[in-house]
Amino acid sequence: MPVEFLGIAATGDGSETNARTTAAFDRDYTLRLARAHEEHGWDRVLFAYGSGSPEPAAGAAFLASRLDRLQILLAHRPNVSYPTFAAKTFATLDQISDGRLTVHFITGGNDHEQQREGDFLTKDQRYDRTREYIRIVKKIWTTHEPFDHEGEYYRFNDFVSDVFPVQQPRPGVSFGGSSPAAYAAGGAEADVYCLWGEPQARTAEQIENVKEAARAAGRSDVPRIQVAFRPIIAPTEELAWEKAYRTVDRIKARKSDGLVRHRRLNGEKPENTGSQRLIEIAEAGERYDRALWTPTAAATGGGGNSNALVGTPETVAQALLDYYDLGVDILSARGYDLLDDAIDFGRYVIPIVREEVAKRDAERAAKEAARENDRRQLLAAQV
């Protein structure tokens, strides 16, 4: 199966290790970073969502009108707009990008962050709302006749959109989470299911949970799997590990200077299951499998995509291939120096992974062809 690479579409140059030197939305930096991804082998970039951050759909439209190939993964929280409005926004953006949009629906794992924009539902209620929201958006994308809706969270009459996506029947839907409620919602509705990087055994367990949820929802297919990491690469293993320890020191320094306020209140433990899992993994050990390293996650308190892959480009590429062999075909990677790390990863890691995946796919196709040939010969002999 083909492999895809997802990077980040940041609108400023700040990160967990670097104070921002640009405006919150810097047109030049946003375009420069996206072009670096497009020119160095990446398939798409994520426009993330934060309560006080620049509005991601507008940023995505800005990039889509200036780049020709790079695809866009747009994060969206259902609490910030009505689904009829959102469906039109997404369809318009798919038109602007000529069919390069996927929408990542975020339920929200932190009450305080959700309440910043007036969302006071419980976590279980948010998951129920998200499932209803996604179903409405999908129907608006594909229905050309007016329809009514009366659900638990939304009600409207006689709605039909006048703008439809380029992609047929609709753009892709992306979803993430590590709780049973997340598996149920994403397993039922997602085309792509997103996980944070964990040890391979635990990732395999999560993939099976997603598949089971899809089957329980009556699906004949299963979502594609995406896994996210923070790669730390250097020309030698020694230099990569020196860089890794410097990175953690800088995360801790930034955290002490107030970065944590963007995540959650000081002293609070994470509410979402994904972050709780990252902390649990970090407490159990620093290094797993070929290159997975947890101190970056520990330093951020399990803040989002935060487990690292450390080593030379060859080592990190082989580690990513280990996940590919588990059934992961979308690999999300984001460095701590957003621009330079995107370029280096694209130059030195992506080509190795793509070449090895092509070899695996060719070997798999040859084996399948041989089995089919054997089957036909056996049938012919029986006639």
Side-chain angles (χ1 to χ4, degrees), residues 4-11 14-18 33 37 42-50 53 56 73-77 102 104-110 113 174-179 182 186 190 192-200 202-203 206-207 210 224-233 244 247-248 250-251 254-255 259-260 262-264 270-282 288-289 291-310 316 319-320 323 326 328-338 341-342 345 349:
E4 297 181 9
F5 288 91
L6 170 69
I8 192 70
T11 60
S15 74
E16 296 94 330
T17 61
N18 304 307
L33 179 61
H37 283 85
W42 298 79
D43 296 285
R44 59 172 54 85
V45 289
L46 166 66
F47 270 93
Y49 191 96
S53 301
L73 178 60
L74 176 67
H76 180 76
R77 289 183 184 166
T102 300
H104 180 65
F105 290 91
I106 301 174
T107 297
N110 181 276
E113 170 67 8
S174 172
F175 191 90
S178 297
S179 67
V192 176
Y193 199 97
C194 306
L195 302 169
W196 289 332
E198 295 187 4
Q200 293 171 37
R202 294 180 64 120
T203 299
Q206 291 211 77
I207 292 173
V210 174
R224 298 174 66 193
I225 302 297
Q226 173 185 303
V227 177
F229 302 97
R230 305 302 292 270
I232 301 174
I233 62 173
T247 297
V248 168
R250 291 168 66 186
I251 292 173
R254 289 276 288 133
K255 185 177 179 181
L259 177 66
V260 71
H262 297 294
R263 306 287 182 184
R264 52 183 174 268
E271 298 170 14
N272 59 307
T273 303
S275 292
Q276 293 170 4
R277 289 172 64 98
L278 294 186
I279 292 173
E280 175 191 342
I281 292 166
Y288 293 85
D289 304 322
L292 190 72
W293 195 55
T294 66
T296 46
T300 62
N305 170 24
S306 50
N307 269 339
L309 293 176
V310 182
V316 171
L320 292 170
Y323 287 90
L326 292 178
V328 177
D329 66 337
I330 303 176
L331 299 168
S332 173
R334 172 163 55 100
Y336 290 96
D337 185 327
L338 300 180
D341 286 348
F345 188 89
V349 178

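Note that the numbering runs from 1 along the sequence shown for the chain.
Looking at every heavy atom in both residues, I330 comes nearest to R224 through CG1-NH2, 3.6 Å. For the residue pair I279 and G301, the shortest heavy atom distance occurs at CD1-O, 3.5 Å.
Using a distance-only test at 3.5 Å, with no hydrogens or angles considered, a donor-acceptor pair links the side chain of D289 to the main chain of Q200. In this structure, the side chain of T17 does not engage the main chain of I251 through any donor-acceptor pair within 3.5 Å. For the pair D341 (side chain) and D337 (backbone), a donor-acceptor distance under 3.5 Å is present. Of the possible polar contacts, one joining the S275 side chain to the G302 backbone as a donor-acceptor pair under 3.5 Å is found. Formation of a donor-acceptor pair under 3.5 Å by the N307 side chain with backbone atoms of G197 is found in this model. Counting only distance, with no hydrogens or angles, the side chain of D43 and the backbone of F5 share a donor-acceptor pair below 3.5 Å. Looking only at distances, no side-chain donor or acceptor of Y49 sits under 3.5 Å from a matching main-chain atom of H104. Y336 contributes no side-chain N or O that, together with a main-chain N or O of P231, makes up a donor-acceptor pair within less than 3.5 Å.
Side-chain contact between L195 and I225 is present, with heavy atoms from C-beta onward closer than 4.5 Å. Taking the side chain as every heavy atom from C-beta outward, V192 and F175 never approach each other to under 4.5 Å. Put simply, the side chain of F47 does not reach to within 4.5 Å of the side chain of L73, judged on heavy atoms. Residues R202 and R277 are in side-chain contact: their nearest non-hydrogen atoms beyond the backbone lie under 4.5 Å apart.
Checked against the 6.0 Å centroid threshold, F345 and W42 count as a close aromatic pair.
Under the rule for a salt bridge (charged side-chain N to carboxylate O under 4.0 Å, His left out), R250 has no partner lying at least two apart in sequence or in another chain.
Between K255 and E16, no side-chain nitrogen of the basic residue sits less than 4.0 Å from a carboxylate oxygen of the acidic one, so the salt-bridge criterion is not met.
The OG1 atom of T294 lies 9.5 Å from the CG atom of L278; values are rounded to the nearest 0.5 Å.
When E198, Q206, Q276 are each tested for a side-chain hydrogen bond (donor to acceptor under 3.5 Å, both in side chains) with S178, only one passes: Q206.
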